[in-house]
Amino acid sequence: MSTEPPSPTSAPIEQVSSVVIRFAGDSGDGVQLTGNQFTKTSALVGNDISTLPDFPAEIRAPAGTLFGVSGFQLQFGATEIRTPGDTPDVLVAFNPAALKVNIDRLRKGGLVIVNTAAFSTRNLQKAGYESNPLEDDTLSAWQLVKVDITKMTREALKDAPIKTKDKDRAKNLFALGMVYFLYDRPLDHTVNWLEGKFSKKPDIAAANVKALKTGYYYAETAEVFRSTYSVPEAPIKAGTYRNVTGNLATAMGLVAAAQVADINLFLGSYPITPASDLLHALANMRAHGVRTLQAEDEIAAVCSAIGASYAGNLGVCSTSGPGLALKGEAMGLALMVELPMVVVDVQRGGPSTGLPTKTEQSDLLIALYGRNGESPLPVIAARSPADCFDAAYEAVRITIKYRTPVLLLTDGYLANGSEPWRIPDPASLPGIDPNFLTEPEGFQPYARDPETLARPWVKPGTPHMEHRVGGLEKDDLTGNVSYDPVNHHKMCGLRRDKVLRIQNDMPPLEVVGEQSGDLLLIGWGGTHGAITTAVESARAAGKSVSSVHLRHLHPLHPDLGDLIRRFDKVLVPELNFGQLLKVLRAEYLVDAHGLHKMAGQPFTVTELEQAIEATLYGEA
Amino acid sequence: MSTEPPSPTSAPIEQVSSVVIRFAGDSGDGVQLTGNQFTKTSALVGNDISTLPDFPAEIRAPAGTLFGVSGFQLQFGATEIRTPGDTPDVLVAFNPAALKVNIDRLRKGGLVIVNTAAFSTRNLQKAGYESNPLEDDTLSAWQLVKVDITKMTREALKDAPIKTKDKDRAKNLFALGMVYFLYDRPLDHTVNWLEGKFSKKPDIAAANVKALKTGYYYAETAEVFRSTYSVPEAPIKAGTYRNVTGNLATAMGLVAAAQVADINLFLGSYPITPASDLLHALANMRAHGVRTLQAEDEIAAVCSAIGASYAGNLGVCSTSGPGLALKGEAMGLALMVELPMVVVDVQRGGPSTGLPTKTEQSDLLIALYGRNGESPLPVIAARSPADCFDAAYEAVRITIKYRTPVLLLTDGYLANGSEPWRIPDPASLPGIDPNFLTEPEGFQPYARDPETLARPWVKPGTPHMEHRVGGLEKDDLTGNVSYDPVNHHKMCGLRRDKVLRIQNDMPPLEVVGEQSGDLLLIGWGGTHGAITTAVESARAAGKSVSSVHLRHLHPLHPDLGDLIRRFDKVLVPELNFGQLLKVLRAEYLVDAHGLHKMAGQPFTVTELEQAIEATLYGEA
Amino acid sequence: MSEEAVQLTRKDLTSDQEVRWCPGCGDYAILKGVQNALAGLGIPREQMVVVSGIGCAARFPYYMETYGFHSIHGRSPAVATGVKMANPDLHVWLVGGDGDMMSIGGNHLIHILRRNLDVTILLFNNRIYGLTKGQFSPTSGLGVLTKSSPMGSIDPAFDPIGLALGAGGTFVARTVDLWGKHLEATVAAAHAHKGTALIEILQNCIIFNDGTFDPAVGKKARDENSIELVHGEPLVFGTDRNKGIRLNGTRLEVVELGDGVSEDDLMRHDAHDDSAIVPHLMATMQYPDFPVPTGIFRQVDRPTYEQSMEEQVHMAQLRSEGKKPDLGALFNQGDTWVVS
Amino acid sequence: MSEEAVQLTRKDLTSDQEVRWCPGCGDYAILKGVQNALAGLGIPREQMVVVSGIGCAARFPYYMETYGFHSIHGRSPAVATGVKMANPDLHVWLVGGDGDMMSIGGNHLIHILRRNLDVTILLFNNRIYGLTKGQFSPTSGLGVLTKSSPMGSIDPAFDPIGLALGAGGTFVARTVDLWGKHLEATVAAAHAHKGTALIEILQNCIIFNDGTFDPAVGKKARDENSIELVHGEPLVFGTDRNKGIRLNGTRLEVVELGDGVSEDDLMRHDAHDDSAIVPHLMATMQYPDFPVPTGIFRQVDRPTYEQSMEEQVHMAQLRSEGKKPDLGALFNQGDTWVVS
Ligand SMILES: Cc1ncc(C[n+]2csc(CCOP(=O)(O)OP(=O)(O)O)c2C)c(N)n1
Ligand SMILES: Cc1ncc(C[n+]2csc(CCOP(=O)(O)OP(=O)(O)O)c2C)c(N)n1
Ligand code: SF4
Ligand code: SF4
Ligand SMILES: [Mg+2]
Ligand SMILES: [Mg+2]
């Protein structure tokens, strides 16, 4: 959140600790590109950052329509940044529809930069404006910066030897140049990037660089802004960084873990928003031994992953809600044959096809219970884009150590959002040992490791250890088909207990704040940034509030019950109608309350601050 | 349970109030037929009855093997009979394997009738007997009745003009005749049945009748039994009865409700044990307007049912665990389009392929939560074979009234088990009104009935009401696609609340025993008979125990919370690891305890009695 | 069905929903053609149901002022089977993309073709996953570079026509998004067919696979590089109609007409071939070795699934005068006994 | 793979599990034939993996002393795809019934055929659902009375051969449970094929569909009512080898040899026909109008799926000497910056 926002009456260069910017326009306006460039440049100057792209469901909706507006929001700052921000300080709107859709989020007093050329009668109509908001008092609560970006870009490029269409496309760089000036950013990163990207089309590269610089100098020369701002470097841990989306970080975490375990990764996947980029990323990692199958459907995807694990690879599949619903039967099979497999569910708005491009946390219960019979599986969740790396790594550690499929939950917000990731030294990654059994002496397919209750993993091709697995109930030890009643009860118990053993090597719970007090917030997944920010702000205001964010949803952390009992009240904020809440109430008989939001969007920090207030002093 | 069992020292004709018999042999031995005949005859003489067939998973396993043993158990009595009984009083074993598999269940002192001809060295070996149990002291705890049934049957039929194979097949009727004599049953029902069944093969009919009668007279003449027994008529409500399995009762309940609602029933189904008989039964009911599709898989089955409902039929699909796991995504669609549909899940042993022919209650959580996103659906369960009729009828009532898919849970025990069903007068069945909307004036596809929150059901073909439905989030009222955040939260709430409205027309909870006390047992599904019997026996012994059996698993009955609070302790017996238990703990924060059994078999009354003791006086 | 013929216009079949495809997408032309074709069928629009799965193509029902069902990915054949069996009087169309119909939905597609339910399937083949932003599809073919095949796809392509024939399809045809009249005529012929009619519509995805079919069926190429199949007619093509297809043993070959080769030497199309061999032969013609065949590959009469089912219901109700018997009859089947 | 050839016996491939099929089931003979065939391949048994779905047929892996995976209904092609892609050195067989492979598993079947993964599929066609006790299957055909079709099935049958060809299958064959030598030879030929090999095995279910294939391929009928397809050979059949199949235009016809008709007039089988038309023609022969064709319908060479994938991995690793590059290379891609 912006603590010292640009203000209409301030002096020319102001120092602020954090800023939220939102770029918005048509799919064709280059909004995502602009946002990404701003992000990278800001990272390079040492700010902490968090971003969130916001796509429409349509591929390229007709220009100028409200439903076709594409957005990219980022927060950058001199302090630790955990969310893309609640309320933008600056809105760059490339057309009336973008203005209409986004203006209400903008902080009162914030800056609106518009491209006046796009405010034609036709575009105003499409956006549902009866009169031109740039000319009436619609925007009186904000600082309006009107620039005919199109005209100026054309002007700047009038001699460039490229098509008019390409000239017009450069207008986003003009706008980016202006914003770079506003926040005192260097141009060189973007200049280098453009030259690299268009190395085979140097005219285009040159024109784009020109547009960028023209925007920058225009802002400087024409004194477009009443003041400019500087955002100092954030106190960031030393290291090499790069910006990662959650999907990319997940892909790297999986590949890293497989490589550390010295096995190949096999991905069976079927494209689905917002998980497809995981498939794309992994398909690009063949050099690391990654085989990907774009399967005919999600069932084939999960089954191929099971087959790959059976053959000694790390089988992985990636999907989103509707696809997860299709995998239930096969996940039951994986659980019966007790082989490693990671199933990544990038949650999106449900139920059914729901809101495919929006985020939600509503797949927890299906992750926990969406299989016939007693079929417990470990479920873990990532909390931020960069944390997806660690969460994926942990998923692989568990799946290999305990020979059980693992469900890894991320969500659309994490998957598409990005933040700086401190690149780990590969040598520092914890070891993972697949521990294939090759010794035929005394081999029993369902003998168990006394510590983990894991069964042996034997690669086909290993001599003298031929054996059969399958989905029928198995005899303890031999793994033969067994219809014996006593054995069935025992095996169900063993499968349950094996998963519970995961509690034995969980790292300690990390609590924000005191270990006891008036109120404990319990969160999971992508709400981490917002919850932590809100809790810290409440604590700064002297409130006795703590929070804990769960990596493990099943089994739960062994210390969680004790922690809960040390607080008077418990609040569980979730982007659903109370799914973790249900689990916690059943497990600990705690009268916890939920904060629920089902709007396809993350919590704002403000919503959480209000809920903390209400829980502490209100009804709850 | 048998209260006055046959005893070795009693007088020739003893009166007993109930008896448990188990027939067992190879798949080819006619065990199921024998059991069915005994059941029907006993019903006709006025006893109350409950039966349970027990099949192997193999179609026709090699003769004489342990895994090939097929069983049929029934309890009949002069009192209300609620279960097929814990411990048989009589075991009829057609071969050594059948003896081996079943002998330990037999009440000590009970009667074992064996066919000595089957106790060849080879068969003894296959059954794993080292020496002949008929000749050592293996069976000393029981009364052994050795009869060379094969020889005597052959003898009786030596002049019959039929093949030897057919003569040998008649041996089950010889055995049945003996048991008829033992329990003083008339032969005429079975005689009539044989004559009807073999009306085109009168020689076979005559031979079978002869075998039956010979068995009867042999038992009489040879004084095979130390005493015989009579089981008086049970005090049964007046009416016309027939014996029904759970699957047949479910089929009739669905068809009856559809016919009362004056719509056609469409079943989309894919064969799966133990649900296939529902498909078979409904395929036989074309006269009642039933269309059945044997779909290519379970997904096609549920989707076709959705399509049929959309077109104005009552869409139904039937399956078991693995198939249910495949239907999750489509059930989410049904929930979004808010159309009626009944999904019947005949639960079996899981997870995965599990124990396909065995019973279990382990699909409750997937029924409640096995769909992506927030996707609440009503879930109801049947409690006995005959009750499947009422449960199916209730499912149709709810699905039509509330325009929501409904999940109906039965299980393998109910599906294959049977009991007498008092045939209702069709005119007495409660009305169901599909209430199709045909009035275009003011039509909004997602306008809601203020009482039920149900949306209109409009049949394609209705003029001027063309509209579109689908799985994307819909705009309130218009049903158009909507990505609006506020609308999404609202629609999720409406779908949740609509299902909760079902609480408004639930009949009162039926409590066995007092409305408050020391211990309340809460059960659901096929455990009803065993729980009720155990609770009544505990109450007879002066204990302050009550029980309530839930028809509705979601939403729960509105009075359940209050009821629970009036008891000191709560015990939830389930054939799973505590699925309803989880729901109740989360909902009411009650420290209920569970009794869990995962053995592919129902609870015995004794197990429940012991659990009641332990809960009242033990650790709990 | 003895409805009075109704005359509709395209506008009558246009819903009030804003069309959300990318500007320039081939789907617009198909929408227009289908609306035109349906308007000319003489059926009231309330009898029309359009069922789809998920994908760009599958958005189709929203834009049709008919009954419509936008179901889930791949399942439209199953949903449509329920619709048509529940009410055989309805006229049902299915719309889906190559991914929807041939990847996740492949099984339902071949099974509906096998059953011969009386519906029309419009398979929009753009050889790409549009809605999920550009992964290869089962019709993309080897070597294609897409987001999910950054080193080139190693998945050989399905031929929708060949697959449909292999599944026993009774009406199989191909048309092109921009061939307005051809598309309308094909849609009309498919509707006239009693049984499952599958039309592969070559469709341009301007964003992710622009121009993929242009070499064969684009404006300039059409005459030279495609060939129209007409039942009973010789296989002639070319701008100057100077080329033809000849059968040599069991292989087809392209020949120039004239110079001793006349139309009589050419293969004649036989869409009614009971064994489907001629349609299969036609399907083997692949661009660039052959012109791309368009039109109706196969059309044979077989009983429709829903009518066979109606006959069973009818048979079962013979004794009860075509009505449902009283429920008492159902309840009282088998052995009953009276307790008084 | 450069294994030393191993000589196994049938017993080496027999597991210790009791066989649980019904006495008299055709599956016993298939088990024996497959064990014989596999024993003769010269492959060590630890390199063999048998993957199946669910059904009577699908119990197969339990009885084989190899690696085995009894997966879930219909999904064996998907499981096998993972197995083979993960380790292309393994030899993989799939076993399933007509329901498993063509009903619930139909889509996976056509997609594995399309991809041409190097595995052998043994499709046990008994035209019935055995394990679920006797419902009709997708190969049962019209009119069949079963538990789920008490008034007769209204579902037309799939032809597994035709469907496999339509899906682009590169090796498609048919054999019969009791034809020991023929079965062994076909299984061996399928294994020798590089790519997906599908063998339809006509299998008798003695309990629910006894004798369904006897009229065509039973002991007495075989010579008269079936015809063996041999690549390049004329199509001759009959106990006295006095009948043949002639191509007339695009139709096949049965002719008597002699009386002016010689073998030279007969159609010759062409299993290598690139366009698959000849195999399709063969598939059109249906008993009783024609003898039932057995043997290899089609066999063509195409790249295998898993080898294409291996090539991509190889290409990607060219720069890192055929090994995985250090993870640092992966982590540090794109824009990085240093904070000190
Ligand atoms: C179960 C499920 N899996 C995946 C998706 C994601 N998805 C939506 S459309 C689509 C494919 C689109 O391709 P196609 O069917 O060819 O249609 P097009 O967009 O090209 O018209 C996919 C994979 C989904 N919606 N549901
Ligand atoms: C998901 C799922 N659906 C249904 C079943 C039930 N089922 C088991 S085997 C089978 C079909 C068996 O027929 P087929 O594949 O022809 O094999 P056969 O028994 O005839 O050898 C079915 C429907 C199942 N196990 N899993
Ligand atoms: S992505 Fe392609 S198929 Fe989809 S709407 Fe755009 S152009 Fe059409
Ligand atoms: S049911 Fe049929 S297929 Fe199955 S084992 Fe028995 S005979 Fe064989
Ligand atoms: Mg497509
Ligand atoms: Mg079969």
Side-chain angles (χ1 to χ4, degrees), chain B residues 40 43-44 46 189 193 236-243 252 255-256 259 264 266 268 285-289 291 293 295-297 299-300 303-313 315 329-330 333 337 423-426 429 459-472 480-481, chain C residues 15 17 44-52 54 61-62 64-87 89-90 107-108 110-111 309-310 312-313 315-317 319-320 324-340:
Chain B
K40 288 190 179 152
L44 286 168
H189 167 75
W193 179 81
I236 291 175
K237 208 174 155 189
T240 304
Y241 284 80
R242 70 186 281 202
N243 208 47
M252 286 194 293
V255 169
Q259 191 154 332
N264 287 331
F266 172 92
M285 297 181 187
R286 296 252 188 282
H288 292 273
R291 275 87 176 157
L293 171 73
E296 55 272 27
D297 66 12
I299 302 175
C303 288
S304 67
I306 294 171
S309 283
Y310 175 69
N313 274 15
E329 191 206 4
L333 173 66
V337 298
I423 298 174
D425 174 4
L429 295 170
K459 275 196 264 198
T462 313
H464 310 304
M465 298 179 77
E466 295 83 6
H467 67 284
R468 274 70 48 193
V469 297
L472 287 165
N480 291 337
V481 173
Chain C
S15 81
Q17 299 296 297
R45 63 184 181 189
E46 67 267 18
Q47 304 265 353
M48 300 182 180
V49 182
V50 184
V51 181
S52 69
I54 298 286
Y62 291 119
M64 295 288 296
E65 187 57 18
T66 62
Y67 284 90
F69 201 143
H70 181 221
S71 75
I72 44 178
H73 196 33
R75 318 301 174 186
S76 66
V79 174
T81 300
V83 171
K84 185 75 181 174
M85 286 181 75
N87 184 353
D89 288 345
L90 297 171
N107 204 32
H108 309 305
I110 60 179
H111 280 270
M309 178 56 69
E310 291 311 298
Q312 292 205 342
V313 172
M315 290 278 292
Q317 292 181 339
R319 269 189 245 158
S320 49
K324 295 181 190 178
D326 184 75
L327 280 171
L330 176 69
F331 296 168
N332 286 281
Q333 266 163 18
D335 293 319
T336 60
W337 66 93
V338 178
V339 174
S340 49

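Letters A, B, ... mirror the listed sequences (proteins, then strands); counts begin at 1.
Chain B forms the most heavy-atom pairs under 4.5 Å with one residue out of C:Arg319, C:Arg75, C:Met315, C:Lys84, and that residue is C:Arg75. When each of C:Leu330, C:Val338, C:Thr81, C:Asn87 is checked for heavy-atom pairs under 4.5 Å with chain B, C:Leu330 comes out on top. With chain C as partner, the option from B:Met285, B:Met252, B:His288 having the largest number of non-hydrogen pairs under 4.5 angstrom is B:His288. When each of B:Ala295, B:Ala330, B:Ala238, B:Cys303 is checked for heavy-atom pairs under 4.5 Å with chain C, B:Cys303 comes out on top. Taking B:Ile306, B:Asn243, B:Asp425 one by one and counting their heavy-atom pairs under 4.5 Å with chain C, the maximum is reached by B:Asn243. Options C:Gly68, C:Pro77, C:Ala86, C:Ser340 differ in how many heavy-atom pairs under 4.5 Å they form with chain B, and the most are formed by C:Gly68. With respect to chain B, the highest number of heavy-atom pairs below 4.5 Å among C:Ser76, C:Ser52, C:Ala78, C:Pro325 belongs to C:Pro325. The candidate with the highest count of non-hydrogen atom pairs below 4.5 Å against chain C, out of B:Leu44, B:Val469, B:Thr240, is B:Val469. For the set B:Pro460, B:Gly289, B:Gly470, the entry with the most heavy-atom pairs within less than 4.5 Å of chain C is B:Pro460. Ranked by heavy-atom pairs under 4.5 Å with chain C, the list B:Pro424, B:Ser309, B:Gly471, B:Gly312 is led by B:Pro424.
Without hydrogens or angle criteria, C:Tyr67 side chain to B:Thr462 main chain gives a donor-acceptor distance under 3.5 Å. Between the C:Gln317 side chain and the B:Ala287 main chain, a donor and an acceptor come within less than 3.5 Å of each other.
Using a 4.5 Å heavy-atom threshold, the side chains of C:Leu327 and B:Leu429 count as touching. Using a 4.5 Å heavy-atom threshold, the side chains of C:Val51 and B:Tyr310 count as separate. Looking at C:Glu65 and B:His467, their side chains never come closer than 4.5 Å, going by heavy atoms from C-beta outward. Within the 4.5 Å cutoff, the side chain of C:Met64 has no heavy atoms near those of the C:Arg45 side chain.
For B:Lys40, the side chain to side chain donor-acceptor pair (under 3.5 Å) criterion is met by no residue, not counting sequence neighbours.
Contact annotation for C:Val313: both backbone and side-chain heavy atoms come within less than 4.5 Å of a heavy atom of chain B. With a 4.5 angstrom heavy-atom cutoff, B:Ala43 touches chain C via backbone and side-chain atoms both. Contact annotation for B:Tyr241: both backbone and side-chain heavy atoms come within less than 4.5 Å of a heavy atom of chain C. Heavy atoms of C:Gln312 lying under 4.5 Å from chain B belong to its backbone as well as its side chain. Heavy atoms of B:Met465 lying under 4.5 Å from chain C belong to its backbone as well as its side chain. Interface residue B:Ile423: only side-chain heavy atoms are found under 4.5 Å from chain C. Contacts of B:Asp297 with chain C are made by side-chain atoms alone, with heavy-atom separations under 4.5 Å and no backbone atom involved. For C:Met48, no part lies near chain B; criterion is any non-hydrogen pair under 4.5 Å. For C:Ser320, no part lies under 4.5 angstrom from a heavy atom of chain B.
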Residues B:Arg468, C:Ser15; criterion side-chain contact (heavy atoms from CB on, under 4.5 Å); working and verdict:
CA-CA 10 Å; B:Arg468 274 70 48 193; C:Ser15 81; 3.8 Å; yes

Before you tell me yes or no, could you show the steps for C:Val79 and C:Phe69 under side-chain contact (heavy atoms from CB on, under 4.5 Å), namely the whole-Å CA-CA distance, both residues' side-chain angles and the distance that decides it to 0.1 Å?
CA-CA 9 Å; C:Val79 174; C:Phe69 201 143; 4.0 Å; yes

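The minimum heavy-atom distance between B:Gly46 and B:Ile236, with the atom names listed, is O-CD1, 3.6 Å. When all heavy atoms of B:Leu293 and B:Phe266 are compared, the closest pair comes out as CB-CZ, 3.8 Å. Here the closest heavy-atom approach between residue C:His70 and residue B:Leu333 is recorded as O-CD1, 4.3 Å.
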